[in-house]
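Everything below concerns the one structure shown next.
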Amino acid sequence: MKSDRGDIELAGVCKSFDGVTNVVDGVNLKIADGAYCCFIGPSGCGKTTILRMIAGHEDPTAGEIVIGGQNVVGLAPVQRRTAMMFQSYALFPHLTVRENIAFALRVRGMSKTDRLRAADAMIEKVRLTQFADRLPAQLSGGQQQRVALARAAITEPRVLLLDEPLSALDEQLRVQMRQELRRMQQELGITFIHVTHTQLEAIALADLVVVMEQGRIKQAGAAREVYAHPHDRYVAEFMGGQNVLSGCVEKVNGASFTLAQAAPDGIEVPLQARSSINVGDKVDIAVRRDDVALVRPGKELPPGCTTSLPSRVLAIEYQGYFVKVMLDTVPDDEFIAYVPEKTFFADPFTIGDVVVATWATGSALPLA
Amino acid sequence: MQPSPAQTPPRANLAGWLYVSPLVLVLVPFFVAPILVVLLASFFATDGFGGLTPGFTLASYVEVLHSALTLKLYLATIKFTVLTWIFTLVIGFFVAYFLVFHVRSQLLAIGLFLLCTVPFWTSNIIRMISWIPLLGKEGLINQALLGLGVIRAPLEVLLFSDLAVVIAYVHQLTIFMIVPIFNSMARIDKKLIEAAIDAGASRFDIMRLIVVPMSKSGIALGTIFVVSIVMGDFFVVKVMSGGGSASVVSAFYEDVGVLQYPTAAASAVLLTLVLVAVVSLILRTVDIRQEIAR
């Protein structure tokens with residue numbers, strides 16, 4: 001019974017190389033058929049190991065990997081109908097582009113004319129026709145990446161696994177190839193699983209972003225959800241764009257609570273999903289850097305803002321469409337405001353200025 | 001603007017000569033000069049008692065090329081070379097393959113690799129003599145076969161035969177295959193093997209389509225070592241065949257023994273030309289420089 005569905009379910013997947021520490025530690029995850037899923041985390045967090053276990057290059061120590069309703073643990077990559085695109089591509093250096101792409105068909109015993117025809121069709125799809133007879137060493141990084149993609153896609157896998165596919169490219173090419181990956185994924189209509197350590201890459205591409213730390217999933221969800229509503233301090237800091245503050249709960253009043261902090265009147269935070277909160281609890285909250293407004297001391301706060309944190313400007317970085325202002329609002333942690341360029345230059349600050357950082361009360365987010 | 005060679009300052013020129021001088025100092029007296037001497041001697045006439053008459057005659061070449069023995073010896077040498085090459089290649093390839101792809105720990109691989117060199121801690125002669133207790137008439141193999149009742153009389157073909165010659169060559173020269181093949185195989189990125197498995201390649205496919213083509217330079221280098229050593233040898237043939245077989249070099253060793261220097265020199269020049277032809281054929285098939293640069 002063969003299924004063409006490429007939905008994946010990981011159930012209690014563990015992997016240990018030395019029998020002592022789990023590199024992957026009880027991962028549960030469902031990935032829908034035809035989804036673009038990004039695993040993201042710092043190096044050594046187990047994301048590549050998960051990818052290799054789905055690909056069949058590594059066996060899990062415990063747990064099940066189900067693809068299209070079938071437990072694939074112990075099956076060879078071909079039987080799983082997965083294909084992997086390796087980091088730094090692993091193109092066969094002694095074979096031409098065409099032969100590289102036709103390789104999987106060759107070992108499947110397809111006749112020479114058939115496999116070369118199929119390869120040529122794929123070469124056209126990745127726009128490499130004029131390079132078909134070159135060796136990989138004669139191609140640029142971006143072209144090599146397209147060969148690797150074509151080589152993986154030619155067997156019509158139901159899942160394509162990409163191990164840091166863009167890390168070998170320079171910045172400009174990376175953005176370009178990112179779009180190409182997404183285009184290919186939509187064209188092929190299959191599940192893509194992409195491992196990266198670049199936040200921007202993950203949120204730009206993925207339907208499902210999976211943030212990992214030390215072999216565990218910290219948060220899995222849509223890109224916007226993970227970025228805008230991080231579960232905890234780790235995710236908030238890793239995904240970036242958030243200021244994380246911590247403090248003790250001073251009082252709980254209905255739909256919000258007040259956090260004792262450097263602010264004269266504390267920080268008011270809406271309760272949102274967090275229901276059980278008691279006075280005296282130590283809580284982390286996140287405030288988006290682009291939600292932070294800076295006003296001169298003594299001036300009136302913008303409407304909806306109740307918190308006012310007096311701070312000093314530590315550094316200013318011009319970023320084009322916004323200005324990154326670093327403040328000493330909270331001791332030890334960095335606190336940054338992304339001020340729109342026009343707003344900033346209407347009344348520019350200089351380093352050392354005293355300002356008041358504030359934000360609309362509703363935009364503060366309590367973290368787990 | 002790049003300075004043209006003519007504008008190179010004399011100081012740089014001097015430095016250049018200094019850089020190559022050690023190699024030149026070794027190569028000229030120990031390689032170029034002897035070859036020139038042999039080449040010259042091959043054109044000289046002889047008085048038959050070891051005396052050489054300077055001059056230019058092709059008589060020695062005519063003699064060597066007209067002798068029926070020359071062809072016979074070349075055929076015998078080629079037979080030894082081909083057999084030795086096939087066995088050392090197969091053994092060398094699989095030993096290297098095992099060391100590179102099946103031994104997980106790199107330290108163990110290096111250890112096993114060094115183990116391959118253990119036979120070289122003793123001299124060539126001892127290594128050959130040590131075959132006698134094994135292959136001889138009263139040797140282990142004959143004793144065992146007799147004891148098992150497989151044969152009634154001891155096998156004579158084991159020692160002092162062409163078989164013994166090939167065995168000794170393979171024993172001595174397999175390491176010359178292992179080393180370069182190991183070297184080129186070790187440089188194959190393991191990710192390529194994984195990529196091939198991912199594409200559905202069997203173990204045999206991987207060997208045929210990835211490992212062998214990517215070990216070509218090592219195979220070519222090993223082949224050059226083995227072929228040139230076997231074709232230039234007379235000692236192993238002499239000892240292991242018990243005098244029953246001869247090689248090209250045996251013939252001109254005999255010539256030297258009876259003071260026929262010009263014919264010996266002419267044979268040597270001929271053999272050198274044959275070897276150069278064989279090596280250039282190998283280099284034509286495999287572009288070693290390109291493979292190594294890869």
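Lettering of chains follows the sequences in order, A, B, ..., and the numbering in each one begins at 1.
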Inset, instruction - With rounding to the nearest 0.5 Å, note down the distance linking NE2 in A/His94 to CG in B/Leu192. - result: 8.5 Å
Inset, instruction - State whether the number of non-hydrogen atoms from other residues, nucleotides or ligands found under 6.0 Å of A/Gln138 atom CD is greater than 12. - result: yes
Legend entry - Rounded distance (nearest 0.5 Å) linking atom NZ of B/Lys191 with atom NE2 of A/His57: 11.0 Å
Inset, instruction - Count the heavy atoms belonging to other residues, nucleotides or ligands that lie under 6.0 Å from CZ of B/Phe87, then report whether that count exceeds 12. - result: no
Inset, instruction - Count the heavy atoms of every other residue, nucleotide or ligand shown that sit under 6.0 Å from CZ of B/Arg284, and state whether that count exceeds 12. - result: no
Inset, instruction - Count the heavy atoms belonging to other residues, nucleotides or ligands that lie under 6.0 Å from CG of B/Leu107, then report whether that count exceeds 12. - result: no
Inset, instruction - Measure the shortest side-chain to side-chain distance between A/Phe103 and B/Asp205 over non-hydrogen atoms and say whether it is less than 4.5 angstrom. - result: no
Inset, instruction - Measure the shortest side-chain to side-chain distance between B/Glu194 and A/Arg52 over non-hydrogen atoms and say whether it is less than 4.5 angstrom. - result: yes
Legend entry - Heavy-atom contact with chain B under 4.5 Å, split by part of A/Ala76: neither
Legend entry - Short side-chain to backbone donor-acceptor contact, A/Arg108 and B/Ala199, under 3.5 Å: yes
Inset, instruction - Check whether A/Phe92 gets within reach of chain B through its side chain, its backbone, both or neither, counting any heavy atom under 4.5 Å. - result: both
Inset, instruction - Examine whether an atom of A/Arg80 lies under 4.5 Å from a heavy atom of chain B, and if so say whether it belongs to the side chain, the backbone or both; otherwise answer neither. - result: neither
Inset, instruction - Can you establish whether the number of heavy atoms outside B/Lys190 located under 6.0 Å from its atom NZ is more than 12? - result: yes
Inset, instruction - Inspect the surroundings of CD in A/Gln186 and state if more than 12 heavy atoms from other residues, nucleotides or ligands are less than 6.0 Å away. - result: yes
Inset, instruction - Please round to the nearest 0.5 Å and tell me the distance separating atom CG of B/Leu209 and atom CG of A/Leu95. - result: 7.5 Å
Inset, instruction - Measure distances from A/Leu91 to the heavy atoms of chain B and classify the residue's part below 4.5 Å as side chain, backbone, both or neither. - result: backbone
Legend entry - B/Gln106 atom CD, neighbour heavy-atom count above 12 within 6.0 Å: no
